[in-house]
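First the structure, in the form of structure tokens, and then the observations on it.
Whatever order the structure lists ligands and atoms in, that order sets their numbers, starting from 1. Owing to the predicted nature of the structure, the values given are computational and were not obtained by experimental measurement.
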Amino acid sequence: MSPGFRGRPRSAGPDLPPGQYLTPDFPVLSAGPTPRVELANWEFVLATEGGAEFRWTWDELMGLPQETPTVDIHCVTRWSKLGTTWQGVSLDTLLSGVDTAARYALVHSYGGYTTNLPLDDLRGGRAWVVHRYADAPLPAEHGGPARLLVPHLYLWKSAKWVRGIRLLVEDQPGFWETAGYHDYGDPWREQRYQGD
Ligand SMILES: Nc1nc2c(c(=O)[nH]1)N[C@H]1C(S)=C(S)[C@@H](COP(=O)(O)O)O[C@H]1N2
Ligand SMILES: [Mo]
């Protein structure tokens, strides 16, 4: 055993949050059927607490500055995947012209899924609407045409088939949060369920 070794009984290495294991696969976790969205009908809508709406068609999203984040992702069911590569538009870009005093966001998906997070967690280069994974169009089962990617929180916050985000003055729980999952979901603090 090397002199610097410190036991990490609950994770396999320094890059893994507590209680997580590494998988080379990309498991599919969906609470319902995969919705099919035609690109011609696709739109993304940001709605403020005051009722203002900012809309992007598919072509408009493609015309925005694109980023290629490489990030680690962590599912609450305990698998983690390191160094995943994506392409999409930063939420900083989408929020740049939006005047809001809201502190919370409720993310909506085609198909009806919802998830909530503080608006600040969508800022600071930490969240994207992504449409490519591993140098290919995002497969439908992983959320294509486009999904939210918020890798610093458990992956249930990364809504697949994202359709829009509603900015809220009061926090409002989404699908899994209503079912007992943690309101915030920081994998490094192991915030899996309410009360963690
Ligand atoms: N619209 C939608 N988004 C979703 C889900 C879902 O059921 N519907 N599942 C969440 C959960 S629990 C996880 S772990 C990840 C899984 O993403 P993946 O199927 O690409 O691995 O998507 C999240 N986003
Ligand atoms: Mo999950």
Side-chain angles (χ1 to χ4, degrees), residues 11 16-39 41-47 58 61 68-89 91 94 105-118 121-122 126-166 172-196:
S11 80
L16 275 184
Q20 297 293 112
Y21 67 86
L22 213 52
T23 178
D25 308 325
F26 195 172
V28 172
L29 283 106
S30 304
T34 296
R36 305 283 160 175
V37 191
E38 297 290 329
L39 292 187
N41 302 327
W42 187 92
E43 66 172 358
F44 180 79
V45 184
L46 252 177
W58 184 260
L61 188 82
T68 52
T70 297
V71 296
D72 304 337
I73 54 179
H74 311 290
C75 176
V76 72
T77 62
R78 299 186 181 272
W79 60 267
S80 290
K81 195 169 175 57
L82 304 185
T84 61
T85 57
W86 307 81
Q87 184 186 315
V89 176
L91 260 293
L94 296 168
L106 187 63
V107 186
H108 293 260
S109 295
Y110 290 97
Y113 184 87
T114 54
T115 188
N116 62 307
L117 70 173
D121 286 77
L122 293 175
R126 296 186 293 166
W128 300 265
V129 171
V130 292
H131 53 86
R132 289 179 69 80
Y133 169 76
D135 273 329
L138 182 61
E141 67 268 25
H142 286 301
R147 78 182 295 169
L148 189 68
L149 178 66
V150 195
H152 70 283
L153 301 177
Y154 280 123
L155 201 58
W156 88 77
K157 301 285 184 180
S158 293
K160 304 198 282 189
W161 316 297
V162 68
R163 174 181 205 159
I165 299 177
R166 186 162 287 278
Q172 195 179 308
F175 179 81
W176 284 119
E177 294 83 6
T178 303
Y181 282 78
H182 198 276
D183 194 60
Y184 185 61
D186 180 352
W188 296 96
R189 288 187 278 166
E190 220 174 343
Q191 294 173 336
R192 298 177 192 276
Y193 309 108
Q194 276 172 39
D196 285 350

> Do W79 and I73 touch side chain to side chain, with heavy atoms closer than 4.5 Å?
Replying inline: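 SC-SC contact between W79 and I73 confirmed.
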Could you list, one pair per line, each nitrogen or oxygen of ligand 1 together with any protein nitrogen or oxygen closer than 3.5 Å, giving atom names and the distance rounded to 0.1 Å?
residue: ligand 1; atom: 1 (N); partner: S109; partner atom: OG; Å: 3.2
residue: ligand 1; atom: 1 (N); partner: K160; partner atom: O; Å: 3.0
residue: ligand 1; atom: 3 (N); partner: K160; partner atom: N; Å: 2.8
residue: ligand 1; atom: 7 (O); partner: A31; partner atom: N; Å: 2.6
residue: ligand 1; atom: 9 (N); partner: L29; partner atom: O; Å: 3.2
residue: ligand 1; atom: 17 (O); partner: R147; partner atom: NH2; Å: 3.1
residue: ligand 1; atom: 19 (O); partner: L29; partner atom: N; Å: 2.9
residue: ligand 1; atom: 19 (O); partner: K160; partner atom: NZ; Å: 2.6
residue: ligand 1; atom: 20 (O); partner: H142; partner atom: ND1; Å: 2.6
residue: ligand 1; atom: 20 (O); partner: R147; partner atom: NH1; Å: 2.7
residue: ligand 1; atom: 21 (O); partner: P27; partner atom: O; Å: 2.6
residue: ligand 1; atom: 22 (O); partner: R147; partner atom: NH2; Å: 3.2
residue: ligand 1; atom: 24 (N); partner: S158; partner atom: O; Å: 3.2

In plain terms, say whether R36 and E38 are close enough for a salt bridge, that is, a side-chain N and a carboxylate O under 4.0 Å apart.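 Looking at R36 and E38, the cut-off is not met.
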Using distance alone, with no hydrogens and no angle criterion, decide if S80 and H74 have a side-chain donor and acceptor under 3.5 Å apart.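 Yes, side-chain donor-acceptor contact under 3.5 Å.
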Assess, by modelled atom type and distance only, whether the side chains of S109 and K160 contain a donor and an acceptor separated by less than 3.5 Å.
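No, no side-chain donor-acceptor pair sits under 3.5 Å.
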Tell me whether the centres of the aromatic rings in W156 and Y181 are closer together than 6.0 Å.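 Ring centres of Y181 and W156 closer than 6.0 Å.
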Can you give me every donor-acceptor pair (side chain of residues 129-153, partner residue at least two apart or in another chain, under 3.5 Å) with its distance?
residue: H131; atom: NE2; partner: Q66; partner atom: OE1; Å: 2.7
residue: R132; atom: NH2; partner: D135; partner atom: O; Å: 2.8
residue: R147; atom: NH1; partner: H142; partner atom: O; Å: 2.9
residue: R147; atom: NH2; partner: S158; partner atom: O; Å: 3.0
residue: H152; atom: NE2; partner: D121; partner atom: OD2; Å: 2.7

